[in-house]
Amino acid sequence: MSRKIIKSGTETVEMNYFYTEITKENINKWQTLKKLASYLNIDETEIVAIGDNINDMEMIQNAGLGIIIGESALAKKELNKIIVSSNDKNGVAEAIENHLLKS
C-alpha cells in the first residue's frame, strides 16, 4: 500500500491506495533508460535518475547521478546516494537546482 498527500490550497488530503506494476521479467526503468540512452548515443554516466519508490532503485543505483526523494521508501535504505527534500517540499526542483544546474 502507498500513501500520498495532496495539497489543494490550504487543504491537505491523504490518499491511501494499492497498486500493482506488471512488467516482463528483467524489464524495469533502468533497462529502459539504458536502451534509450544507447539509441540516443548517451553514455550511461550522463544519465540522471530521480526516484522515490522501490521500483526506482535499480535506476538510481546505476545512473551516472542517482537522486532519492526524501521521506520515501528509498530514503530509508542505505544506498549512498544524494537525498533531497520530499515531494511536498519541492524535492525534484531542489535536485535540479542544486545538482544539475550547478554542474
(request) Answer yes or no: is there a side-chain heavy-atom contact under 4.5 Å between Met59 and Gln31? (result) no

(message) Once rounded to the nearest 0.5 Å, what's the spacing between atom NZ of Lys35 and atom CH2 of Trp30?
(response) 14.0 Å

(request) Tell me, yes or no, whether the heavy-atom count around Asn80 atom CG, taken from other residues, nucleotides or ligands under 6.0 Å, exceeds 12. (result) no

(request) Measure the spacing between NZ of Lys34 and CD1 of Ile47 and express it to the nearest 0.5 Å. (result) 9.5 Å

(request) May I ask you to test the Ile54-Lys77 pair for a side-chain heavy-atom distance under 4.5 Å? (result) yes

(request) Starting at CD1 of Ile67, measure out to NZ of Lys81 and round the result to the nearest 0.5 Å. (result) 10.0 Å

(message) Do Leu65 and Ile82 have side chains that approach each other closer than 4.5 Å (heavy atoms only, starting at C-beta)?
(response) yes

(message) Looking at Glu97 and Glu94, would you say the former's side chain and the latter's main chain have a donor-acceptor pair under 3.5 Å?
(response) no

(message) Within this structure, what is the CG-CG distance for the pair Asp56 and Asn28, rounded to the nearest 0.5 Å?
(response) 10.0 Å

(request) May I have the step-by-step check of side-chain hydrogen bond (donor to acceptor under 3.5 Å, both in side chains) for Thr45 and Asp43, ending in yes or no? (result) CA-CA 5 Å; Thr45 61; Asp43 192 274; 2.5 Å; yes

Could you go through residues 69-76 and list every donor-acceptor pair under 3.5 Å that involves a side-chain atom there, pairing it with any protein atom two or more places apart or in another chain?
residue : atom : partner : partner atom : Å
Ser72   : OG   : Asp52   : O            : 3.4
Ser72   : OG   : Ile69   : O            : 2.6
Ser72   : OG   : Leu74   : N            : 3.4
Ser72   : OG   : Ala75   : N            : 3.3

(request) Please assess Val84 against Ile68 for the test side-chain contact (heavy atoms from CB on, under 4.5 Å), listing each intermediate value before the final yes or no. (result) CA-CA 6 Å; Val84 294; Ile68 298 170; over 6 Å; no

(message) Would you compute the distance between atom CE of Met57 and atom CG of Asn62 and round it to the nearest 0.5 angstrom?
(response) 10.5 Å

